[in-house]
Amino acid sequence: MPSESSPATVAAPGPPTLPPPPPPSVSTLFLAFAKMSVSGFGGVLYWARRAIVDQRRWLTADEFNETYALCHFLPGPNIVNFSMVFGARLRGIVGGIAAFAGLLVPPMLIMTLVAALYAHFGEIDMLRRILGGISCAAVGLLIANVLRMAMPLVARRDAAGATMLVVVFIAIGLVRLPLAAVLLVAIPISVVVMLLTRKGST
Amino acid sequence: MNSNPNPLSTLVWTFGAMSLFAVGGANAAIPEMQRIAVDIHHWMTAKQFADIYAISQLSPGPNVLIVTLIGYAVAGAAGALAATLAMCAPAAAFAYYVSRLLARKSASRWPAVIQSALVPLSIGLMGAGALILAQTADRSPVAALVTGASAVLAFATRLNPFWMFLAGGLLGFAGLI
């Protein structure tokens with residue numbers, strides 16, 4: 001099912017023999033990712049799933065989860081990784097770059113404009129107060145996000161995972177150690193702990 | 001490092017390295033971005049960092065584009081472009097190669113093991129980000145109340161976050177925060 005499609009180069013748009021909709025052209029990929037990227041605020045994942053699985057049927061729900069899970073465990077912004085991997089899966093590396101560019105270029109232009117406005121007007125007292133209020137709400141959302149993600153650990157009574165969570169929280173949030181140093185120590189420990197604690201269950 | 005080198009190369013180097021260490025995505029990298037932008041390089045104040053975090057949450061596009069705002073603050077439009085590409089391209093290239101590698105020899109159990117080992121770490125990182133931002137944003141009882149209320153609402157309901165941003169913005173506008 002992963003249509004071992006065009007390798008490094010994008011082959012001529014040969015007619016695919018598979019029943020699902022034909023792979024999108026490179027420009028379609030660019031436009032589709034541009035659209036989902038500027039569709040809403042608070043993250044692109046929701047819109048990506050809607051467009052790719054529900055509307056265009058480029059992937060099944062399982063294939064989407066599988067591809068996204070890979071991008072979630074790799075470093076870097078998940079949805080950006082996803083655009084690259086997904087585009088490359090359909091259209092080779094050029095497709096990957098098209099999806100990557102579609103995802104990033106339009107919102108980056110918007111963001112640059114906003115940054116210029118902030119640089120100009122950011123010191124105006126009214127704007128400072130409004131942004132201050134919005135920051136408070138945004139932090140609340142982040143806390144909710146953290147709690148949601150931590151719920152499965154709590155439900156599983158995963159003491160080892162919870163310990164790792166707290167140690168990283170303290171090292172980064174309170175002691176303010178550099179990220180790279182913390183992860184270089186924490187990742188190997190966490191992997192070993194995971195292997196040891198899983199041995200019994202699997 | 002303090003000899004004031006070309007700001008663009010500092011941006012590229014900083015975010016290029018962060019790109020490959022940003023386990024758990026953009027929100028998990030918030031503490032490191034704050035540490036670098038506010039504490040190390042003094043590109044902005046903690047208040048400005050909390051501001052641009054709010055702006056990045058309000059704007060369309062992936063959350064990682066907070067680096068566009070940081071880049072702009074450092075070196076204008078060129079800085080915005082440099083920071084964004086440096087933060088996104090190395091990780092995307094790495095993801096591309098790993099996905100091709102995994103497509104060839106599937107059935108490896110390592111991705112699953114590493115993934116479940118990384119989950120608690122990225123939650124801890126995001127929690128640290130929330131703490132750091134809260135220390136800047138929540139300077140008054142009302143501010144802390146807004147944070148607490150939106151945390152509870154966002155956790156327990158499916159209310160659109162827009163309404164919480166609106167409420168926070170209005171309270172700020174009214175000078176209550």
Side-chain angles (χ1 to χ4, degrees), chain A residues 2 37-38 41-44 70-71 73-81 84-85 88 96 100 104 107-108 110-112 114-115 118 129-144 146-150 153 161 164-165 168-169 172-173 176 179-180 183 186 190-191 194-195, chain B residues 19-23 25-26 31-32 35 50-51 54-55 57-65 68-69 72 77 80 84 88 91-92 95-96 99 113-118 120-121 123-128 130-131 133-134 137 143 146-147 150-151 154-155 161 164-165 168-169 171-173 177:
Chain A
S37 184
V38 296
F41 67 104
V44 179
L70 169 73
C71 298
F73 101 83
L74 292 174
N78 303 324
I79 195 75
V80 178
N81 290 347
M84 183 73 190
V85 170
F100 175 88
L104 287 177
M108 189 176 73
I110 296 172
M111 205 62 113
T112 305
V114 173
Y118 178 74
R129 282 188 280 129
I130 292 175
L131 277 175
I134 294 172
S135 298
C136 296
V139 173
L141 290 180
L142 185 56
I143 293 172
V146 172
L147 293 178
R148 277 219 174 128
M149 290 180 70
L153 293 186
M164 293 305 300
L165 190 163
V168 167
F169 174 81
I172 296 284
R176 304 303 316 266
L179 178 67
L183 288 181
S190 191
V191 168
M194 194 59 58
L195 288 172
Chain B
S19 178
L20 295 173
F21 270 101
V23 164
E32 182 72 355
R35 194 181 71 87
D51 279 357
I55 292 172
Q57 295 297 301
L58 280 174
S59 306
N63 293 331
V64 69
L65 292 184
T68 311
L69 296 166
Y72 190 93
T84 311
C88 295
Y96 170 74
S99 74
V113 170
I114 296 176
Q115 188 177 353
S116 47
L118 292 184
L121 307 186
I123 302 172
L125 291 176
M126 288 174 60
L131 174 72
L133 288 167
V146 170
T147 297
S150 52
F155 181 72
M164 301 164 209
F165 290 142
L171 286 169
F173 175 70
I177 285 183

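Everything quoted here is computed from the prediction, not taken from an experiment. To find a chain, count down the sequence lines: A is the first, B the second, and so on, and within it residues start at 1.
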Practice item. Nearest 0.5 Å please: distance from the CD1 atom of A:Ile134 over to the CD1 atom of B:Ile55. Key: 8.5 Å
Review point. When heavy-atom pairs shorter than 4.5 Å are enumerated against chain B, which of A:Gly140, A:Ala138, A:Gly133 gives the highest number?
Key: A:Gly140
Check your understanding: Looking at A:Val191, A:Leu141, A:Ile79, A:Ile143, which has the largest count of heavy-atom pairs under 4.5 Å with chain B?
Key -> A:Leu141
Exercise for review: Go through B:Val23, B:Ile177, B:Leu131 and name the one with the most non-hydrogen pairs under 4.5 angstrom from chain A.
Suggested key: B:Leu131
Revision key, fill the gap. Chain B shares the most heavy-atom pairs under 4.5 Å, among A:Ala186, A:Gly132, A:Ala180, with A:Ala180
Revision key, fill the gap. Scanning both residues in full, the closest heavy-atom pair of B:Phe173 with A:Arg129 reads O-NH1, 2.5 Å
Check your understanding: If you look at every heavy atom in B:Ala91 and A:Pro75, which pair is closest and at what distance?
Key -> CB-O, 3.5 Å
Practice item. Name the region of A:Ile110, side chain, backbone, both or neither, that has any atom closer than 4.5 Å to a heavy atom of chain B. Key: side chain
Exercise for review: Could you tell me which of B:Val64, B:Thr84, B:Ile123 has the largest number of non-hydrogen atom pairs under 4.5 Å with chain A?
Suggested key: B:Ile123
Practice item. Please report the closest heavy-atom contact between B:Ala128 and A:Phe169, naming both atoms and the distance. Key: N-CD1, 3.3 Å
Review point. Which of the residues B:Leu171, B:Leu133, B:Leu121, B:Val146 is involved in the greatest number of heavy-atom pairs with chain A at under 4.5 angstrom?
Key: B:Leu121
Exercise for review: Using non-hydrogen atoms and a 4.5 Å limit, figure out which bit of A:Leu147 sits close to chain B: side chain, backbone, both or neither.
Suggested key: both
Exercise for review: Mind listing the closest non-hydrogen atom pair of B:Cys88 and A:Val80 along with its distance?
Suggested key: CB-CG1, 3.8 Å
**Study point:** Spacing of CG belonging to B:Leu118 relative to CE belonging to A:Met164, to within rounding of 0.5 Å
**Key:** 10.0 Å
Check your understanding: Atom CZ in B:Phe165, atom OG in A:Ser135: separation rounded to 0.5 Å?
Key -> 9.5 Å
**Study point:** Donor-acceptor contact present, side-chain A:Arg148 to main-chain B:Ala154, <3.5 Å
**Key:** yes
Exercise for review: Determine yes or no for a side-chain-to-main-chain donor-acceptor pair under 3.5 angstrom, with B:Thr147 supplying the side chain and A:Cys136 the backbone.
Suggested key: yes
Exercise for review: Counting only heavy atoms closer than 4.5 Å, note whether A:Ile172 contacts chain B via side chain, backbone, both or neither.
Suggested key: both
Practice item. Would you mind telling me which of B:Ala134, B:Ala143, B:Gly25, B:Ala77 has the largest number of heavy-atom pairs within less than 4.5 Å of chain A? Key: B:Gly25
Review point. Just wondering, more than 12 heavy atoms not from B:Phe155 lying within 6.0 Å of its CZ?
Key: yes
Review point. Do B:Pro62 and A:Ser37 come within less than 4.5 Å of each other through their side chains, counting heavy atoms only?
Key: yes
**Study point:** Donor-acceptor under 3.5 Å (B:Ser99 side chain, A:Val85 main chain)
**Key:** no
